[in-house]
Each structure stands twice: as structure tokens, then as C-alpha cells.
> 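I have a structure I would like to understand better, so I am pasting it below and will then ask my questions one at a time.
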Amino acid sequence: MEFEYLVKAESRRVSLEKKGEHWIFRAGDQTLEADVRIISGNAFSLIVGGTSHLVGIADHKDTIYVSLDGTTLTLKRPGAEEKRFEKGEEGSKEGITVVKAPMPGKVVKINVAENDAVRKNQTLAIVEAMKMENEIKSPMDGVIKKIHSSAGDLVDSEKSLIEIEPKT
Amino acid sequence: MEFEYLVKAESRRVSLEKKGEHWIFRAGDQTLEADVRIISGNAFSLIVGGTSHLVGIADHKDTIYVSLDGTTLTLKRPGAEEKRFEKGEEGSKEGITVVKAPMPGKVVKINVAENDAVRKNQTLAIVEAMKMENEIKSPMDGVIKKIHSSAGDLVDSEKSLIEIEPKT
Amino acid sequence: MFKKIVIANRGEIACRIIRACREMGIASVAVYSEADRAGLHVQMADEAVGIGPPPAVESYLHMDRIIEAVRETGAEAVHPGYGFLAENPEFARRLEKEKIVFIGPNSRALELVGDKVRARQTMEKAGIPIIPGMKRVADDFAEYAAEAKAIGYPVMIKASAGGGGKGMRIVCSEEDLRPALEAGRREAKSAFGDESVYLEKFIENPRHVEFQVLADNDGRIVHLFERECSIQRRHQKIIEETPSPALTPELRQRMGEAAKRVLEVSGYNNAGTVEFLLDREKRFFFLEVNARLQVEHPVTELTTGIDLVHRQIRIAAGEKLDLKQEELSQRGHAIECRIYAEDPANGFLPSAGKILFLQEPKGPGVRYDGGIFSGWDVPIYYDPILAKLIVWAETREAACRRMRSALDDTVILGIKTTIPFLKDIISHPRFREGATTTGFIKDHFGDWKEKEASGETEILSLASAAFFDSRKTSEAGVLSVRAKEQYSPWRMLGKWRIGEKSDLSGE
Amino acid sequence: MFKKIVIANRGEIACRIIRACREMGIASVAVYSEADRAGLHVQMADEAVGIGPPPAVESYLHMDRIIEAVRETGAEAVHPGYGFLAENPEFARRLEKEKIVFIGPNSRALELVGDKVRARQTMEKAGIPIIPGMKRVADDFAEYAAEAKAIGYPVMIKASAGGGGKGMRIVCSEEDLRPALEAGRREAKSAFGDESVYLEKFIENPRHVEFQVLADNDGRIVHLFERECSIQRRHQKIIEETPSPALTPELRQRMGEAAKRVLEVSGYNNAGTVEFLLDREKRFFFLEVNARLQVEHPVTELTTGIDLVHRQIRIAAGEKLDLKQEELSQRGHAIECRIYAEDPANGFLPSAGKILFLQEPKGPGVRYDGGIFSGWDVPIYYDPILAKLIVWAETREAACRRMRSALDDTVILGIKTTIPFLKDIISHPRFREGATTTGFIKDHFGDWKEKEASGETEILSLASAAFFDSRKTSEAGVLSVRAKEQYSPWRMLGKWRIGEKSDLSGE
């Protein structure tokens, strides 16, 4: 079986196959043979060349979180959402930029209206989470195309807040 | 929905139904209304009349283990195995008694042979587990009908070791 | 002793207080907002009462609802934890009127120490060293300007009702004074509903050293030594320890006596903390009183052997303090790391969401006070503290090594946390030397980035992900669409995610 | 200091040692039998080496395989934990020859203290009080009979190579002597491969009080006070605590000095424990030396603040002991409960199998040293110890209450454990009074049965089971056959399950 993941936006492919009691993993020009034991649905024990690693692992949608030897990595499966986005961008060369909340929170204020011209780094909205107010700033000079949220809305980090069309 | 459980060999029936945010449980003449939250696959939080209970729960085959307020109870689902046993007993009034290992372990020695007459409390076999030897004694006067294990076998607590026919 | 206590708080501190109740044979009542029905404190308590919608003002800050929960359950006392209503004199006063015991100081003491300007006046009169500066709120700009000149720049603007760094501004010259005053007043107004500010001499790169004090209802007072809390980010403590590497026995004794005197002149009872700044010449100045159980109380417990929550409850129940100053001592060294739901690589943006996997640290000398579990959805409404990791060891060096090991042992997947940041602080050579001042984070971690994972870790992670996905695939009984699609010509395009680079917190 | 250590053990003690290594910057190598590939110690270690099939003689007791693992990984030292090869002089000797450091006493000392008769001779010569009785193994029955008469009945038969109660027999009159001697010799032969036995005066209902001692390689010796381990079942400790409720400061000092003298005359180094019996008149008698880290070492760590495993490793690496007797002190009270995979309601039958759910205790003052996890299949091959629960508190009473609360917090589903039994001991009024002798369990828990669950607990359990099953049912997307079958005319018939009532353990 072969899988593809994004590690910091870089695509990495990894294949695995069972060989007796062990598993062979290949990624790029690297190969490793591991004795793998399932500890729980979220934990594996790997022994690779005598070295023991306890892996904590969990996923949410297309994000996989892996913890190992005191380090946590985030991998992405090249999933449906990014693809849709990509197609959107292909569809219109000077596409819309979607501004999202940087974290789940509550919209305290929307500072702009549709059709407003905005400058780069202008504050577009304020989202509060965990007793901290966070200003959402414009990534570019442009014009507000659409506003999807209003004050009081709860938003998660995947929710589009505002669409901006770049200034041409 | 209604379920049946055995609590210390006694049959108890319990029904449940959802009522708004809560669940109504009925068992015999007792009714309780609980606000139930799933904490994990093995833990629920119950609030019943303002009292909070954290329940740890797990099952293996037809045994359910429930832990609650510092007490652990074992319930049995009236499952297939006991029924088969029951039918067997019905089939032959003076049926065979099956002697099982009291715990998982290793058979160190079988002290009897088929067709041997045995007395109640006579040692039939020795099973070792966790560095302790445990004598398996006869539950009755009888005759050894069949021996299913021999020295060196690993047995679990559901494995039949020896069948005895009662002395008539 | 009380038979039943309401814990007017949530998260790790509520859990810690519930444990104390259980050990003391006291029934505990958790209160919870709608966001916290499944919270750990609700799971652990003997009883639980819903007190309203998620926003704190409608639940944990809602005095009527808390008092109603006390009445409803027949409880005799309220433990407020920290934050929320813990230092609110009005709440204490209302409970006093209702004949419900508030497990904390009396309302007069709360009022006095809550007013920073009044507290400064009181302490100065009592001979406690205070930071040079104003002892009253000025009437107009001219007065502020004159005071600033008299104090000498740089000066610090502080809110009279202050706390948590809100309203604070450093001003280096007269021309910056007016706009800074205006901004400070606005911030103070919005944070505390009170725009009063005053000026103090700005002390450069001090240590933050505080003393834990216990006072019973009859005025017996002992201190339980210091905690050094210099490792701060925007006036928020993130690592605390005791003993302070900076104190000599003689200085410790003097500061401890000063701390006791602070409580004495405040008419204070129950547990409290007296905060001091310690400058480079090892002069100490009274800063403020934290009139509650502190987040960092465990380091004191581990070194003195005194359980502060047990003591709070016993004092509130009217017991005499049977501790004698000369019998108290510090043993070994303790450090606490606060684990927050924040993204340290990204301006410490809050990071609410579901904890997909939690591995809690344990082992000899490791204490973990947590308020979360695998599957818990960290709400957006409250403080981002998830847990506290506290270690004890014979020496500071051993405690640092134990902390590092325990942090490596702590795994929280699904949300961002400060764990990688904490690891780097605890491993920093200057931290190891004990060179801890309030400027430490700014000086050494201003542009912190998480270390790149090693190539080995990365390949092992990829292998683990593949193994994980292969199990999902085989569990589903079919090859996943994903596995089939793997060769589709696909590439990552740049995408704007706002807030990732800019500092949104307004510093 | 060492760079890499092999831990020649498994379960909780291996995990505890691995943690110490990690904190000290030492790489740890776990060894594992085939039954333990997924074991917690393998998960935690930096490296792991398989050493053979499940039976201990083919793995954890197999010296060649352990030494091979050391060679293969380039380790410099071996920590044996307790049990297995920990007190085996031959193993220590082989490592000495191979120039691998054994983290424990030297082989000569091991040999001396391992021979109970020789140890008695040595101690008597050194002026240590020993239990009246034989100082050599007798040649024939006549000599045993004459000795027994001289000592005075009741007498105790003990194995010369003894330990763990194996071969021990109490004899009350001459007519019982011969069969008891024969049985004792058979048992000693089978347990130790050595049938030598000797006779001692039987001391009725003593307390078991032992002293922890540390000795460096140059003969510096300190003791770390006592542990009282009187709560025993068949000579197996189940609850340990410190300080002992029975010792006065004066007696503690005398016993401590005696314990140090024992190590001194044995030419002993590293950590060791000197066991004493304390009779009703508070006379103490040397019993034996446990030449290893003890299961119950944590109670000493919590009260003295000294990490015994760190010290063992540092001493083995040649460090001088920098502890001074007069600077050591006990603070507060610590209690340990051993959690075993045994069914206390059923003759303490071992209970191997899968742990379906584990909830570990935590909180201030609670230490949990475990070797298991949810999903772990407890093997049938080894000691039934699952975990140790240790609490510390300011007073004995507070420690008892904390222990009770922590035991309530500990949930292990799927196998039987001693937890309910431990709860009842810790809550027993005589235990609370400190009236702990080796006869405690026999006197108060001879016919122990688990308390019936309350009606409320039962109905809540039934409701929980129904909710659990309803989720399974709805997850499967269909009503289960079980739910439909619920009204089938069905009743439970008696069924023989052998061993449930009779005591199989041969007491």
C-alpha cells in the first residue's frame, strides 16, 4: 500500500508492506524495517534496528498528528478540501482570497463592509477566544467581496470569514 | 430498548429510552432519569438527581465490567455459552460436569487418568500461573470421563480441563 | 468541618479542590456552564449543578447562580479557585451576608488589596518597601507629567484596579506620556470598568519573587517561603519555581517577614500571596497581593510539605493555624510549567478544539494537575490553561532534567499547546544557570520557532501515519479512495491563512 | 557516569528505572521476553532487545542472554531491579568478570547475605541481636529435636537459602517437628534447589520493620530510616509505610545504627535493606538483608526526599556518597499499596488476562508506579504485581485518607485485582490506629468478602450496561439479536467452577 502526505506543504510518499512479523516502510530513497505493535487505537510501539519508539497518533479530517520521541509532527493527507481550493484558483486567475479565522472563537466585530477597499494589514475583524482578542488583518490590498460572518458568530478555524478580491 | 443481565446469577432486566436530553432507565420497580455524556468508548458521565457519577465500563464476550463510585460490578449478558450449557444439562439429567481452570495458566500436572474414580476434593490437576501453583480439586465423587489437557498446555479460564461423571 | 462545598470554578483547579474535599470527607459540588457538562471537574465531583450558558458572565461569573447552587445543594461554603470570582469583594460580601462561608479572605481585605493605589499607601505606612511612584491617582495630565518627572523616566503606567498586565505601559520620555496614558486608561476601563491609572518607576529586568502566606481567622500568620515567577510572557507567568536561585537565607527571611506584615496590616485571613519585584541590587519592592490560591501553589506544596488547599478549607472552617514559622522549611527544588492551549510558533494564538489524544506524564517526583482528557473539546470561552506539570527533585538541576523528561512524556494531539516552547525554555543554558528575570522570554525567545524534526523522526512519523491509515483502510474492508488516488497530479498552492505571521495580540 | 544501561527486568520496576535513566541522561535498554514485546517497559526504553521465550528461565533469568544484550547494545552496566537475577551472586560474579557494572552489591556480599545461616553467624558476632535459634544446619533429626527443645516451642523452620516464605513452617510441639521438617525441606529444595533448613524461636505477632541503607563503594554508609511492612499475607508484604507507628526516635536511632553495622560487617555496597522483627516488648531482631532495591522503596523516597534509583546508579558509577546521616530526616508519612492481579475473594487466585480499561490515580501526594496499560494482556508467567500506589501526606491519618481516595480512583477492568481488599484494609479501624502486626490479615481479614454493592450502585451499573449495549447496538446499525431475545424463558443453572471456594494455594 502507498500513501501520500504533506509535511509542511511538501509532498512525501510512503509505502508499506508486511514482511513476516515486520513491516517495511519506504519513503523516497529511505527504507526502514520495523517491528510494530499496536498498543491502542492511538498508540504503536515501533522497534527499528533495536531502537524503541512509542508513537502517539490521531487524526481529524485530513490532518494526522504524530508524536514520537518528544516531538509532534502534523501531516496532511492531500484531501478533498485543498483540491477544491486549487480548482477554484485555477478557475479564475485573479481569484478570490478567503480570509479565515486563525482559531476557533467568537466574532466580536467585523470592521469592514462589502465593497470596502482595504489595505494590507488593515484590521478586518476581531475574533475572541479564551479571553484574548485577536485582530484579523488583511493579507493584501483589495476589495471586500463578501462577508460570511457577523458579530456574535462562533467560528471555527475552517470557516470563511471574508472574501477579498485583490486590487488590480 | 430492553436488556437482560445477570448480576451474581440473578436475572435483572433494564430498559432505556431517550427523553429529550436525558435517558430514562427502568429496572424492576425502579426508575431513574439520567443526564448521560459519553466521555470515551469506555467512560460515561451520569448525572442523576444532581449526583454525579463517572462510570468506567468495558466488556469481553458476554461479561460487562462496570466501575462506579469506587465499586466494580461484573454483569453477564445471558449469552450463547450458558445457554448451550443449559441445553446440555437438560439433555441428560445426570449430565457431565466440566472442570475448568480457575484462571489462565499452564498445566503443570494432570493427576488422574480417564476412567479413574475420584473423591470430592481430590486433586485432579495442578495449574501454575504467576509463579503460584494451584490445585484443581474435584467438585464431587465421580469418574473421570474425559481429559482435555496435558502437562505443559496453556489454558485459559474457559478451557475445559476434565469431564467428570457423577457417581450414581 | 464542612460537610459540603461548592467549587465555583472549572478545569484543573476545580479538580484539584475536589480531590482535597474527597480526602477530607467533604462532599463536593461542581458547577458547570453548558460548555462544561462533560468537563473533568463535573466527572470528578460528587454533585453537579448547571449554572448557565457558556460565556463566563452568564455562568462562572454569575453570582446569583452560584449562590443558588449553594442553596439548592445545601452546601455550607464556596471555594472560588483562582480567576472568576476569586478576588471579587462583592461576591465575598454577598456570601458573608448569606451566611455562606467564602473560602478565601474577608471582603474588607479583598477590597483593600484589590485597590492597588490604596494598597501602596497602606504598605508604605507599614514600612514595606514599595516601588517609587504615585500614591494616588492624578487629577490631570499636568500632575501625571510632574510625577513622572519626579520619579524619573522610564516610568510604568499601571491600572489602579489592575492585574494580568492590562493597562500597563512603559513610558521612556515625556513626549510618549500622553498617548500612553490615554491607551492605558482605555485598556483599564475596558478590562476593569475603572480607568484610574498611576505611575511607578519602571524597574528594568527584575525578578518576580512572591511569598506564600497563610493567616487564620484570628490573625496567626506564617509564610511558606518564596516562589520565583520571573519567566513571564506579557506579564503572564509561564514557569515558576522554588526556591528562587536569587535569594540568600537572610534575604528570604527579610522578605518573608515583610510578606507577613503585608497580610497583617491588610487584616487578611486565609491563603494569600505577596508579590515583590527584586531588582539587580537585590532590593525588593512590594508589588501586590494575590488574594487567592495561586496557579503556582503546587511548587510550595512540594517543597514545604504543606497542602495549601487543605489549609484553606481548615482555616475557613475556623481552625487555628497550628504551623509554626520556625518549624517550616523548604526541601529540594520544585518547578511548574503551565501548559496552555496556545500556539507558541504563531503569536501564542489561542487554540481551542478537540483533544484527540492525551498522554499524561507520571513517575517519581512528577505531579500533573490537569483539567482535560482524551476527547475533551477545549472551549473557546475560558482561560487557555489545560494543565500544570510540576516536578520535585533534590536539586534545581535534577528538577530541570526531570521536567524536561516529563514534558517529553506529555503528549496532547489535536490542538496546539505551549509544550514545545516550555521544553526549550527548560533546556536553555541561561535558565539552567538560574538567570531568570522578567525579560528572559523577550531576551532569549523573542523569535522562537519550533525546532525542525530530525530526518529520522520525520520518516518514523510518515511510517506511523501510513501504518495508521493502512489499519483504517483494512478495517473498512476496502482500499480507501485515498490510497488509490495517491498518484493524482496534485500540488500544494500557496493559500492565505491570516494571522499566522502577524502578531495579533496587539503588543 | 554511564552512557547506557541494560535493565534486566520488566513491569513497573523496569519502567521506574528507565525514568531514572532518562532523567540522568543515560540511554536505557529494555530486555523483553516474547510475552512482553508490547510491555510498558519496552515502550518506554530507548532501545529494546528480545531475549527469548516467555518462561523466565528462558529469558529474564537467562544470564547468557542478558549479557549478550549488554554486549550487543554497548551498554556498560546492568540494573537488575528486584526478583529475577537481582540477588543472584553468580550473575553478579559473571558481570564482574565481564567488566560490566552490576548496579547492586558485590558478589561476595550477595553470597554472604543470601546464606541465612551464615548471615546469622556473622551478625551475632558483630553484636546484632538475632532471633534465638540455630546458627548452623543440623546433621540429623535428633539434633533438630534437641535444638528445638533448647529454643523452646513454638519454633519456626526456615530455609537457609530462604526468602518469600518458602519452606517456612511453625511447629508448636515435638510431635509435629518431623513432618514439618520434611515438608519444609521439600519446599526449600523445590524453591531454591537447597534443602537446608534451620530452627528459630517463633516470635508471635511481631512487627516487620526494615531499614533502608545506602553504602558507597568505599564503605560510607547511611541509613534512610525504616519502613514498616507488617501487613503481610503469607509472608508477602501488601502494604508498607513509613514512619513506623511503633518506633520512638531513640529506638529508630538504635535500629538504624544496627542496620548500618549489618552492611558494614557484610562488606556491602549499593542499596540494601536490613529486615528486623520487632516483638511486643519492642525488642528487635535481625531477620535478613534484602540485597536489592525493594518493591516498597518509594515510601522512603517520599519521606526522605532521596531518589534511591538515582543513588544506586551513582554509587555503581563510583560516586562517593555525599549524604550525611545527621542531615537526613523523615518528613510526613508515606504508604504504599501493592496492586496485584489476584482475586482476593477467591483465595488470591492469580488473575492473568487482558486489561480492558485502566484508570490511573493521580493528584497531589499521589505516586503511581505502574507497569500496565489499557489493552495490556497480563502474562501468566511472572509475578502478579501490576502497579504500586504510593501516597504521601503530612500525617499518617491524612495519608490513609489520601490512599483510600486514590484507591477509589484506580480502576482496572477485565481482571481481578487486590484493590477492593486494599481499600478495606486501609479503612479498617485497627489499621487506622497503627495496630499493624504480621498477624493483622489473619486476625481481621481471614474470611474477607467483598462488600455487596449498594442498591443504588447496582441500578446505576445496570443502567450503564444498558446504555453501553444500546450504543453498540446502534453503532452496528441494527437491533442486536440480544435485544430481541430478551424475553426468552431463560434461567441460570448452577454450574461447577472449580477452585472458587476451596483454597488452592496450599496454606
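Chain letters run A, B, ... following the sequence lines, proteins first and then strands; every chain starts at 1.
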> Measuring heavy-atom distances to chain C, does A:Lys8 have an atom under 4.5 Å in its side chain, in its backbone, in both, or in neither?
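Side chain only.
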
> Measure the acute angle between the ring planes of C:Trp376 and C:Phe373, then classify it against the limits of 30° and 60° as parallel, tilted or perpendicular.
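Rings of C:Trp376 and C:Phe373: tilted, as their planes differ by 30° to 60°.
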
> Considering only heavy atoms, which portion of A:Ile126 lies under 4.5 Å from any heavy atom of chain C: side chain, backbone, both, or neither?
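Neither part.
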
> Side chain, backbone, both or neither: which part of C:Lys354 has a non-hydrogen atom closer than 4.5 Å to chain A?
neither

> Heavy-atom cut-off 4.5 Å, strictly under: side chain, backbone, both or neither for A:Asp156 against chain C?
neither

> Find the one option among A:Val48, A:Leu124, A:Leu46, A:Ile57 whose heavy-atom pairs under 4.5 Å with chain C are most numerous.
A:Ile57

> With distance as the sole test, does C:Glu450 use its side chain to make a donor-acceptor pair with the main-chain N or O of C:Ala345 at under 3.5 Å?
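Judged by distance alone, no pair lies under 3.5 Å.
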
> Under a 4.5 Å cutoff for heavy-atom pairs, which residue among C:Ala453, C:Pro384, C:Ala56 has the most contacts with chain A?
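Highest number of heavy-atom pairs under 4.5 Å: C:Pro384.
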
> Does the C:Thr410 side chain pair with the main chain of C:Glu360, one donor and one acceptor, at a distance under 3.5 Å?
no

> Judged by modelled atom types alone, do A:Thr63 and A:Lys76 share a side-chain donor-acceptor pair under 3.5 Å?
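Yes.
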
> Where do C:Pro361 and C:Leu389 come nearest, in terms of heavy atoms and distance?
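Heavy-atom minimum between the residues: CG-CD1, 3.5 Å.
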
> Considering only heavy atoms, which portion of A:Tyr65 lies under 4.5 Å from any heavy atom of chain C: side chain, backbone, both, or neither?
both

> So what's closer than 4.5 Å to chain C heavy atoms on A:Leu154: side chain, backbone, both or neither?
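Looking at A:Leu154, just its side chain touches chain C.
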
> Would you call A:Glu17-A:Arg26 a salt bridge at under 4.0 Å N-O?
yes

> Specify which of A:Thr71, A:Thr72, A:Leu75, A:Leu73 makes the most heavy-atom pairs with chain C at under 4.5 Å.
A:Leu73

> Given heavy-atom pairs under 4.5 angstrom as the criterion, report whether the side chain, backbone, both or neither of C:Tyr382 touches chain A.
backbone

> Output the option from C:Gly414, C:Ser454, C:Gly353, C:Ser351 having the highest count of non-hydrogen pairs under 4.5 Å with chain A.
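Highest number of heavy-atom pairs under 4.5 Å: C:Gly414.
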
> Which atoms of C:Pro420 are under 4.5 Å from chain A, going by heavy atoms: the side chain, the backbone, both sets, or neither?
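Neither the backbone nor the side chain of C:Pro420 comes within 4.5 Å of chain A.
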
> Against chain C, work out which of A:His53, A:Gln30, A:Arg12, A:His60 has the most heavy-atom pairs shorter than 4.5 Å and name it.
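Counting heavy-atom pairs under 4.5 Å, the top option is A:Arg12.
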
> Strictly distance-based, threshold 3.5 Å: is any side-chain N or O of C:Asp36 a donor or acceptor partner for the main-chain N or O of C:Ser33?
no

> Check each atom of C:Ala341 against the heavy atoms of chain A and say whether the ones under 4.5 Å are side chain, backbone, both or neither.
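Contact with chain A involves both backbone and side-chain atoms of C:Ala341.
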
> Are C:Tyr340 and C:Phe348 close enough that their ring centres sit under 6.0 Å apart?
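Centroid separation for C:Tyr340 and C:Phe348: 6.0 Å or greater.
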
> Could you verify whether a donor N or O on one side chain and an acceptor N or O on the other, from A:Glu4 and A:Ser11, lie under 3.5 Å apart?
yes

> I'd like to know which of C:Asp409, C:Asp408, C:Val378 tops the heavy-atom pair count under 4.5 Å against chain A.
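Result: the option with the highest number of such pairs is C:Asp408.
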
> Given heavy-atom pairs under 4.5 angstrom as the criterion, report whether the side chain, backbone, both or neither of C:Ser461 touches chain A.
both

> Quick one: closest heavy-atom pair of A:Met130 and C:Pro379, and the distance?
CE-O, 3.5 Å

